[in-house]
Amino acid sequence: MLKQAIADLLTKAFKEAQKAGKLPAFTLPEIVIEHPQNPEHGDYSSSVALKLAKEARMKPLDIAKAIISFITRSPEIAKVDVAPPGFINFTLKKEWLAKQVNAILAEGNGYGNIPLGKGKKIQIEFVSVNPTGPIHVGHGRGAVLGSTLCNVMTAGGFDVIKEYYFNDSGSQMDAFRNSLWARYRQALGKDAAMPEDGYHGNYMVDLAKEIVREEGDRYLKMPEVEGIDKLGEVGLTKILADTREDLKNLRVEYDVWYSEKTLYENGQFDKVMKLLKKKGYIAEKEGATWFVSTALGEDKDNVVIRSNGSPTYFAADIAYHYNKFIERKFDKVINIWGADHMGHVSRMKAVVSALEIDPTRLEIIVNQMVTMRRGGEVVRISRRTGDMITLRELLEEVGPDACRFILLSRAADAQMDFDMELAKKQSAENPVYYVQYAHARIASILKLAEERGATDKGGDVSLLTTEPELTLIRKMLLLPELVETISLTLEPHHLTYYAQDLATVFHAFYRDCRVVSDNKALTSARLKLVKAAKLVLGRTLNLMGMTAPERM
RNA sequence: GUCCCUGUAGCUCAGCUGGAUAGAGCGGCUGCCUUCUAAGCAGCGGGUCGCAGGUUCGAAUCCUGCCAGGGACGCCA
């Protein structure tokens, strides 16, 4: 990438300037290349000279001046200059910019892919909601962040596995089974009380009725323990199927659905517990078994096996992470959790350290809550009471494109408002359509060109010389950099801003530059440009999991 | 009480891990459709970057202390 090439040029220039005695000896810091916000300052700039002033004991401006004569000419760069207080600015050659249109067209749908990950194995686990009820909007946020990150990191050259972990054992499963049993009995006209810690949402009533409709009272005829168990199994399967379908409608699909239960069945759980015991991180006290996280600097220890013999959620997650790192050998594991799991983060990091795995290989993104509103009115969501907006309802009302864009448009660690009224509006008020509209506009130009028999064949991109054209190209060239940034920072929300910027520069180009005209040569060149823009816009939408419409 | 996240324009939020004059969308006001989609474009107005210190050439960004909102502190998940 050009950014790296420029950093390399600078590094080389520094070394040569030092060798020539123009600069004193010092160790070079990491050279950061950025895009100046003011276009007059060129395409790329670096503030190394400012950073070095102290160590070199020179004025930043003098350092910058000393170095630029040592910067070797490269075919991309038109000029390198120095601006007070000491910035080094690089301006790209217009001819080189124009040529990038051909380069983008040649890469086609692969444009934006970079070899950053070098095929490293990454697992991204997200959503992973308990299969005890329908998933709601808050989960949708994790789903969108996760699936987008997967798309981007795949483009970044990582080998990504998308995974959903579901807790099909444990106390919440018991509560689910017992609640379903009560609703099932009630649906058949029998007396039954809902457990207090149960799931009181209406969906449980519907679920029970559905099973009665399909299978009648057969579970009632079994011995109660067996009936509860078998019925629970059916309920779990149905909920999981719904979850899968809802997520699919949000354009989220997984490579692996991982069952908690299998961790016990295949011996991973016992294995990791034995290992931790051997390393001295397990203690018995107060009738339960504890993980001694205090030995790793945590505030308190945590129970892994309750006094009644059943393992905790935490214990299962320990086994699961053992499985991820040791058994399946992922180079990196990324978990996306809701804000209510914040307290779980440092515990899990401690576990990973205890297993002698470098804790930086575990990255945890915690996404904050979503406040739903309809215009001014706040809509409360709570799973336990069943008072919520399900993802399904949201998708039916708003549609997947708008849902994805809006849920993606905020940094994960910021709380966000989701205004359903705004999201539903198919108008200028809604930023979602702004980007798609640009894509549709391009499609429309291409259609007209076809009708008029205009073609991009033999188009000479060196005819692309005006500012609106070059600005569009410059923006298109940022996509690979963005893929890199997101892969490193794990912040997929930047995509939505990039998409809007790209659309904006396209709309400006559209205003200033007629594509299909009497000038055949220029028409061909611009058709190339516009095709490339469509490609980049389409890829961007694609990375966000959105559709790129041909017409609107 | 302890820990974590957040505080930037009227509203919703970006701000590229310390850089050049702090941005966008929406809302408000004013213009632009006989020519490839007006779901668009151009312009105007809008700011003690929560508050107070500190670090340095330079802070919305880093450190400390307050204030406000949210979340977590369970043998729930």
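Sequence lines set the chain letters: A, B, ... in the order given, protein chains first and strands last, and positions in each chain run from 1. Note that this is a predicted model, so its numbers are computed, not measured.
Proximity of A:Tyr498 to the phosphate of B:A24: no side-chain N or O atom is located under 4.0 Å from OP1 or OP2.
A:Asp456 meets the side chain to side chain contact (heavy atoms under 4.5 Å, CB included) test with A:Leu527, A:Lys528, A:Lys531; sequence neighbours excluded. Taking the ring-ring contact (aromatic ring centres under 6.0 Å, His included) definition, one finds that A:His41 meets it with nothing, sequence neighbours left out.
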Per-nucleotide pairing state of RNA chain B [Watson-Crick or G-U, under 3.5 Å; [ ] pseudoknot-crossing; | other strand] = (((((((..((((.....[...)))).(((((.......))))).....(((((..]....))))))))))))....
Name every donor-acceptor pair, under 3.5 Å, that has one atom in a side chain of residues 302-309 of chain A and the other anywhere in the protein, sequence neighbours excluded.
from, atom 1, to, atom 2, distance (Å)
A:Asn302, OD1, A:Ser293, OG, 2.9
A:Arg306, NH1, A:Ser310, OG, 2.9
A:Arg306, NH1, A:Pro311, O, 3.0
A:Asn308, OD1, A:Ser310, N, 2.9
A:Asn308, OD1, A:Ser310, OG, 2.8

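Among the protein residues, A:Ser45 comes within range of the nucleic acid bases, having at least one heavy atom under 4.0 Å from a base atom. Looking at heavy-atom distances under 4.0 Å, A:His493 makes contact with sugar-phosphate atoms alone, never a base.
Remark: C1' of B:A20 and CG of A:Asn38 are 8 Å apart, rounded to the nearest angstrom.
By the stacking rule of 5.5 Å between ring centres and under 30° between planes, A:His41 stacks on the base of B:A20. B:A20 has its base stacked against the ring of A:Phe87, the centroids being under 5.5 angstrom apart at an interplanar angle below 30°.
Taking CD1 from A:Ile334 and NZ from A:Lys324, the interatomic distance works out to 10.0 Å, rounded to the nearest 0.5 Å.
Remark: aromatic rings of A:Phe506 and A:His439 are distant, center separation not under 6.0 Å. Ring centroids of A:Tyr164 and A:Phe126 are separated by 6.0 Å or more, keeping the two rings apart.
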Please write out each protein N/O paired with an N/O of nucleotides 56-60 of chain B under 3.5 Å, distance rounded to 0.1 Å.
from, atom 1, to, atom 2, distance (Å)
B:C57, N4, A:Leu50, O, 3.3

Would you tabulate the nitrogen or oxygen pairs shorter than 3.5 Å linking the protein to nucleotides 10-13 of chain B?
from, atom 1, to, atom 2, distance (Å)
B:U12, O2', A:Arg410, NH2, 3.0
B:C13, OP1, A:Gln415, O, 3.2
B:C13, OP1, A:Asp417, N, 3.1
B:C13, O2', A:Arg410, NH1, 2.8
B:C13, O2', A:Tyr497, OH, 2.6

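Counting atom types as modelled, A:Ser307 pairs a side-chain N or O with a base atom of B:C75 as donor and acceptor under 3.5 Å.
B:U34 takes the anti form, because its glycosidic angle lies more than 90° either side of 0.
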